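Just so it is clear, the model here is predicted, and its values are computed rather than measured.
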Amino acid sequence: MQLVFDGHNDVLLRLWRAHAAGIDPVRQFQGGTREGHIDALRARAGGLAGGLCAIYIPSMVDFVLTEPDAKGHYNTPLDRQLERAPSLDIALQMAAIALRLERAGGWRLCRSVAEIRKAMEDGIFAAVLHMEGCEAIDADLSALEVFYKAGLRSLGPVWSRPNIFGHGVPFAYPMSPDTGPGLTPLGFELVKACDRMGIAIDLAHITEKGFWDVAKTSEGPLIASHSNVHALTPVARNLTDRQMDAIRERKGLAGLNYAVTMLRSDARDVAETPLTDMVRHIDYMVERMGIDCVALGSDFDGATVPASIRDASGNQRLIEALKTAGYHDSEIAMIARENWLRVLGTIWHD
């Protein structure tokens, strides 16, 4: 079994919603559930040894993709900007769930690559706190310091909505990622602070302008934790060839997103999507960027994934598909975990 360190999941969002419904989130994660994609039992069965676990503030109203037109095209309007105070409350609640899980032995919060490797050796899920969209962070970045102390080691300045730090891309097909402004003046300060502190900056939801703003401001590797190939699936969330070239030049990485809307050539939200679609995106990224810049970023608990994967227990089916496609074990190990650990170690000054 190839152990997987995954670059993006939304398990904390699912556990937060469970808690709001009166369900013990620690028990749900440790004891297993039929809900969503990740718990300790399914992760162990599928070799999911750890990953970046997102603190994500959900929309104030249900966010639903616009129905495709007769040509299969859609353009969902950007979510509205959120207020900071309620966003901070939710972020703290999710961070508290993460800390309770650690105290209960459900997973281990890791702040270094050495800690990730040790958790993997011990058979404990290696969780790294990530923030997807910085609605909970204030303009003077005081909250960033607090979340860093709590274990935050990665963040995406924006989700697919605007905030005080920048602008996100809409969920749209077909569409270029060049959909609007990039970083705000505060966004540039956030990027500089992350570089100083050793916090990874994730470009998965930002506009193309924002991508280049980060590239010229940050000195670290460029990361798109859960984004695929625009040339194969032209949704606004996916990466252009030029963006992938920049990731290669900066020795960063792109993590394959399992979301079917970002894998299929027609961008439809259909679970019956073949593993060959996942492999063709990996093939393209490897050809464009090299094997050391390609990783996994499943978006478990945040998207519809191929039915043959189903949940974290099905991760090894992708591994087998890569073997069938001709990838050697050493190459698969790089894609499955080693590339993430290399890049994170660089940024965290390990």
Please say which of Arg337, Glu320, Gln316 ends up in a side-chain hydrogen bond (donor to acceptor under 3.5 Å, both in side chains) with Gln2.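 The side-chain hydrogen bond (donor to acceptor under 3.5 Å, both in side chains) with Gln2 is passed solely by Arg337 among Arg337, Glu320, Gln316.
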
Which residue is it: Asp311, Asp6, Asp10, Asn257? I am looking for the one with a side-chain hydrogen bond (donor to acceptor under 3.5 Å, both in side chains) to Ser298. Asp6

[Y] side chain reached by [X] side chain, heavy atoms, under 4.5 Å:
X	Y	value
Asp299	Asn9	no
Glu115	Arg108	no
Thr346	Lys251	no
His19	Gln28	no
Met285	Ser227	no
Phe5	Met120	yes
Val11	Phe29	yes
Leu190	Leu141	yes

How are the rings of Phe171 and Trp159 set to each other: parallel, tilted or perpendicular (split at 30° and 60°)? tilted

Count the heavy atoms of every other residue, nucleotide or ligand shown that sit under 6.0 Å from [atom1] of [X], and state whether that count exceeds 12.
X	atom1	value
His73	NE2	yes
Gln81	CD	yes
Lys209	NZ	yes
Gln30	CD	yes

Rounded to the nearest 0.5 Å, how far apart are [atom1] of [X] and [atom2] of [Y]?
X	Y	atom1	atom2	answer
Glu83	Asp89	CD	CG	11.0 Å
Arg237	Met262	CZ	CE	4.0 Å
Tyr148	Met197	OH	CE	6.0 Å
Leu109	Leu101	CG	CG	8.5 Å
Asn228	Met244	CG	CE	9.5 Å
Ser87	Met131	OG	CE	10.0 Å

Given the rule in the side chain to side chain contact (heavy atoms under 4.5 Å, CB included) test, do Ser313 and His37 qualify, once you have shown the distances and angles that lead to the verdict? CA-CA 8 Å; Ser313 67; His37 296 133; over 6 Å; no

Let's go through Ser265 and Leu232 carefully: what are the C-alpha distance in whole Å and the side-chain angles of both, what is the deciding distance for side chain to side chain contact (heavy atoms under 4.5 Å, CB included) to 0.1 Å, and is it a yes or a no? CA-CA 6 Å; Ser265 58; Leu232 298 178; over 6 Å; no

May I have the step-by-step check of side chain to side chain donor-acceptor pair (under 3.5 Å) for Asp241 and Tyr284, ending in yes or no? CA-CA 10 Å; Asp241 286 355; Tyr284 193 107; 2.7 Å; yes

Please evaluate residues Asp39 and Thr33 with respect to the criterion side chain to side chain donor-acceptor pair (under 3.5 Å), reporting the C-alpha separation (whole Å), side-chain torsions for both, the decisive distance (0.1 Å), and the verdict. CA-CA 7 Å; Asp39 56 47; Thr33 176; 5.6 Å; no

Using only atom types and a distance under 3.5 Å, with no angle test, would you say the side chain of [X] pairs donor to acceptor with the backbone of [Y]?
X	Y	value
Trp107	Ala98	yes
Arg161	Gly168	no
Trp348	Arg153	yes

Locate the shortest heavy-atom distance separating [X] from [Y]; write the atom from each residue and the value.
X	Y	answer
Ser225	His8	OG-CB, 4.0 Å
Ile38	Asp301	N-OD2, 3.3 Å
Ile247	Leu222	CG2-O, 3.8 Å
Pro177	Val169	O-CG1, 3.5 Å
Gly182	His167	O-ND1, 3.2 Å
Val26	Ala104	CG1-CB, 3.6 Å

Could you go step by step and tell me if Met278 and Ile309 meet the side chain to side chain contact (heavy atoms under 4.5 Å, CB included) rule? CA-CA 11 Å; Met278 305 178 82; Ile309 297 289; 4.1 Å; yes

Could you give me the CA-CA distance, side-chain angles and deciding distance for His205 and His226, then say whether side chain to side chain contact (heavy atoms under 4.5 Å, CB included) is met? CA-CA 9 Å; His205 279 272; His226 54 306; 3.5 Å; yes

Pair Thr233-His281, side chain to side chain donor-acceptor pair (under 3.5 Å): steps then yes or no: CA-CA 9 Å; Thr233 306; His281 278 267; 3.2 Å; yes

Look at [X] together with [Y] and state whether they make a salt bridge at an N to O cut-off of under 4.0 Å.
X	Y	answer
Lys192	Glu189	yes
Glu145	Arg196	no
Asp245	Arg242	no
Asp266	Arg264	yes

With sequence neighbours left out, write down each residue that passes side chain to side chain contact (heavy atoms under 4.5 Å, CB included) with Thr261, or none if nothing qualifies.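 Scan of Thr261 (side chain to side chain contact (heavy atoms under 4.5 Å, CB included), adjacent residues dropped) gives Tyr74, Ala259, Asp269.
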
Go through Asp283 and Arg280 one step at a time and tell me if the salt bridge (charged side-chain N to carboxylate O under 4.0 Å, His left out) criterion holds. CA-CA 5 Å; Asp283 284 344; Arg280 73 190 181 105; over 6 Å; no

Can you spot which of Leu341, Asn339, Val294 makes a side-chain contact (heavy atoms from CB on, under 4.5 Å) with Met334?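 Result: among Leu341, Asn339, Val294, Asn339 is the only option passing the side-chain contact (heavy atoms from CB on, under 4.5 Å) with Met334.
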
Please list, one pair per line, the donor and acceptor atoms closer than 3.5 Å that link side chains of residues 52-59 to other protein atoms, with sequence neighbours excluded.
| residue | atom | partner | partner atom | Å |
| --- | --- | --- | --- | --- |
| Ser59 | OG | Asp79 | OD2 | 2.6 |

Modelled atom types, side-chain donor and acceptor of Trp16 and Gln93, under 3.5 Å: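 Short answer, yes.
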
Evaluate side chain to side chain donor-acceptor pair (under 3.5 Å) for Ser218 paired with Asp195, printing each intermediate quantity in order. CA-CA 6 Å; Ser218 172; Asp195 267 14; 2.9 Å; yes

Given the rule in the salt bridge (charged side-chain N to carboxylate O under 4.0 Å, His left out) test, do Glu338 and Arg117 qualify, once you have shown the distances and angles that lead to the verdict? CA-CA 10 Å; Glu338 295 301 326; Arg117 292 196 186 279; 2.7 Å; yes

